[in-house]
Amino acid sequence: MSFARLNPRANPGVMALKGAVRTYQYTLRPFIGAHCRHWPSCSEYALEALDTHGAIKGTALTAWRILRCNPWNRGGYDPVPPART
Amino acid sequence: MDQKRLLAAIAISVGIMLVFDVWNRTHAPTPAPQTTASAPATPSAPPAPTTAATPGDTVASTATPRAEAQRVQIENPRVSGSVSARGLMLDTLILTTYRETVQPGSLPVQLLAPRGRPEGYFAQWGWTAADGRTRVPDSDTDFTVTGGPLAPGRDVTFTWENGQGLTFRAVMSLDENYMVTVRQSVQNAGTEQVSVLPWARIRRERTPHVAGYYVLHEGYVGVLNGRLTEITYANGKKEGEGRAGLASQVESPDGWAGFTDKYWLTALMPADNGTRLTHALRHVTDSGTDRWQADMAPPAAQQIAPGATGELATRLFAGAKEVALLDSYQSRLNIRDFDKAVDFGWFYFITKPFFYAIDWLFHATGNFGISILVFTFALKLAFFPLANRAYHSMAKMKALGPKMQELKERYKDDPTNLQKEMMGLYKAEKVNPASGCLPILLQIPVFFSLYKVLFVTIEMRHAPFFGWIRDLSAPDPTNLFTAFGLIPWDAPAFLHMPAWALIMGVTMFIQQKLNPQPPDPIQAKIFAWMPVIFTFMLASFPAGLIIYWAWNNLLSVAQQWWIMRGDRAKKSAAA
């Protein structure tokens with residue numbers, strides 16, 4: 001956890017998760033189309049959240065974002081909360 | 001810039017993986033032609049890890065030539081074949097209601113074949129002497145046959161006496177479909193206690209030709225201790241290394257295990273639940289050929305006192321994986337999760353009901369292709385309200401296009417402000433940019449499930465559609481590169497571009513034109529190439545799946561067109 005806090009970008013868990021998101025962006029996403037109601041889009045949000053918050057909190061933030069990304073939510077500008085220092 | 005290159009590299013490697021998958025499939029070695037005259041191999045049973053688990057077959061190779069073994073014929077409405085009284089092997093089984101191909105006069109499917117043939121595949125029942133001195137029958141023992149032929153309600157008994165007061169007996173019975181029950185017993189009329197281990201096994205004398213799709217399991221399969229176990233041939237080989245070929249060994253009070261092909265299954269199971277048995281998968285390489293064995297035996301040898309009898313009752317399923325039949329065995333014979341023999345996958349709770357729905361439609365319409373079309377239509381209808389919302393906002397977004405372009409020009413060098421302005425524009429115009437990620441995410445498993453069902457169930461096998469499609473489970477035979485048969489040219493496998501794949505590509509292209517473009521330029525480029533990539537990727541897939549994709553795309557386009565027309569009508573009414 002402290003390692004992730006120090007440099008989330010170098011964490012292998014973060015790398016793997018980001019790889020999965022990237023793979024999605026370049027395979028499934030062009031196929032099913034981008035339907036996100038937010039900016040940044042859910043997948044970009046995921047990449048940024050993983051970078052700033054690490055694997056665990058980044059995943060949790062992303063899951064919460066996807067749950068909010070439905071027709072009953074207003075959508076719009078929704079940035080990743082900054083890391084606490 | 002560096003990051004962009006990385007992304008491009010990822011995209012390319014994914015592409016290569018997909019291409020490799022297709023290449024692998026089309027170039028996988030086809031099974032060698034059956035030659036009955038081939039020299040009889042000397043297949044040794046894969047060695048057991050303990051002395052007590054598997055039979056020794058060493059006698060078979062040293063045997064002097066003898067008279068042909070006695071055979072007991074097998075007959076019921078679904079199968080024909082025979083059991084060899086020498087070694088007690090069920091080694092010929094023909095599924096009389098299934099044909100190899102759709103060609104008229106095609107031979108029925110042969111599932112089991114005698115050992116010594118390249119395609120050898122058989123079931124055998126026997127005993128191992130756990131005390132090391134009891135004489136037990138082996139693969140070269142001629143049993144005495146009482147009764148026959150083996151048919152529903154007509155059991156056959158195989159008997160052999162070892163000359164030391166032990167009578168080995170196996171009573172075999174067959175039902176109306178694909179289930180054989182064998183009651184093995186050892187009667188001790190001697191004066192000493194003996195220790196023997198009864199067993200049943202399925203031998204496969206080579207690795208079969210597998211279709212090699214990611215979404216379809218072929219290999220060892222079973223439900224043991226309530227857990228689905230699937231081991232591919234490649235993994236089985238790896239697992240067995242350094243363990244004398246023992247790839248898997250599980251003790252379970254119920255369940256079943258054996259070999260599955262795309263459509264066929266052989267599996268062993270206890271006849272009564274609560275009989276604890278150890279199921280194992282073994283691999284051995286013998287004269288350059290992979291040999292496989294799925295076997296089953298009690299965890300410990302039976303101690304049979306003088307005057308006593310040791311018994312073991314087991315079943316063998318050998319036949320087609322018809323879902324209704326597997327279900328009926330599961331409930332009638334209490335076989336745990338027997339329907340999992342069909343690879344319904346992670347989304348079992350969706351795929352199984354989907355299968356029932358499509359199967360019902362199949363019986364109602366009489367054509368499997370039509371039932372696919374009707375079911376897909378019904379599914380689309382169910383998601384219509386969601387899609388409706390999404391497409392409405394998409395149409396509005398299109399109307400905002402010029403304004404968006406203007407913003408993009410103005411804030412070319414200031415992306416942060418551009419996003420802010422864009423969100424401001426959305427607010428001002430009161431548009432919901434899209435339906436959101438959650439609804440899309442929920443739909444993926446549903447449509448994947450339908451795809452999976454069409455892939456795995458035997459009901460689509462040899463099912464005709466209209467025109468040139470005579471088998472929905474086989475690739476569309478037409479080919480653009482022979483000008484659909486006008487050029488008499490044997491095109492290589494990678495130049496197979498059937499008519500239905502082209503139709504699919506066109507429908508996908510049209511559907512994409514109506515979707516919003518991904519914001520990233522590289523993603524947009526991949527997006528543009530997607531129909532081409534998919535057309536080539538799916539070209540060799542079963543025709544039924546391509547028809548499903550095409551129809552699904554067509555329905556999406558129709559739905560969108562219908563919604564957009566409604567929007568336009570509203571607008572002109574307001575004006």
Side-chain angles (χ1 to χ4, degrees), chain A residues 7-12 14-52 58-82, chain B residues 3 6-15 17-18 385-390 392-394 416 418-420 422-424 426-427 430-444 447 508 511-512 514-520 522-531 533-534 556:
Chain A
N7 187 1
R9 281 164 208 265
N11 182 303
V14 170
M15 300 267 277
L17 288 166
K18 281 178 70 184
V21 175
R22 292 265 189 238
T23 310
Y24 155 78
Q25 284 187 329
Y26 286 90
T27 52
L28 262 184
R29 194 200 205 188
F31 180 53
I32 58 179
H35 296 276
C36 196
R37 299 166 67 79
H38 296 86
W39 188 87
S41 74
C42 288
S43 58
E44 279 153 14
Y45 183 96
L47 294 175
E48 203 184 322
L50 289 167
D51 266 346
T52 35
T59 305
L61 279 169
T62 305
W64 176 232
R65 165 59 114 68
I66 292 172
L67 283 174
R68 280 179 292 134
C69 194
N70 64 58
W72 294 273
N73 184 292
R74 286 183 60 189
Y77 182 59
D78 177 41
V80 177
Chain B
Q3 201 184 13
L6 170 75
L7 302 185
I10 293 171
I12 289 167
S13 36
V14 168
M17 256 168 56
L18 295 174
L386 263 181
N388 197 2
R389 263 190 102 104
H392 271 304
S393 54
M394 243 184 259
T416 325
L418 168 67
Q419 299 300 340
K420 269 191 196 144
M422 267 163 67
M423 286 300 148
Y426 290 160
K427 224 173 234 169
K430 283 188 186 135
V431 292
N432 299 320
S435 65
C437 301
L438 185 66
I440 300 295
L441 220 60
L442 292 179
Q443 284 184 51
I444 292 173
F447 282 93
M508 190 168 168
Q511 196 217 338
Q512 282 207 340
L514 300 172
N515 262 350
Q517 290 243 331
D520 180 277
I522 303 177
Q523 286 182 35
K525 212 160 261 171
I526 299 174
F527 185 77
W529 279 96
M530 218 62 179
I533 298 169
F534 261 74
S556 302

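Just so it is clear, the model here is predicted, and its values are computed rather than measured. Per chain, numbering begins at 1; letters A, B, ... match sequence-line order.
- Residue A:N70 holds its CG atom at 12.0 Å from CG of B:L441, rounded to the nearest 0.5 Å.
- Of all heavy-atom pairs spanning B:C437 and A:C42, the tightest one is SG-SG, 3.2 Å.
- When all heavy atoms of A:I66 and B:L438 are compared, the closest pair comes out as O-CB, 3.4 Å.
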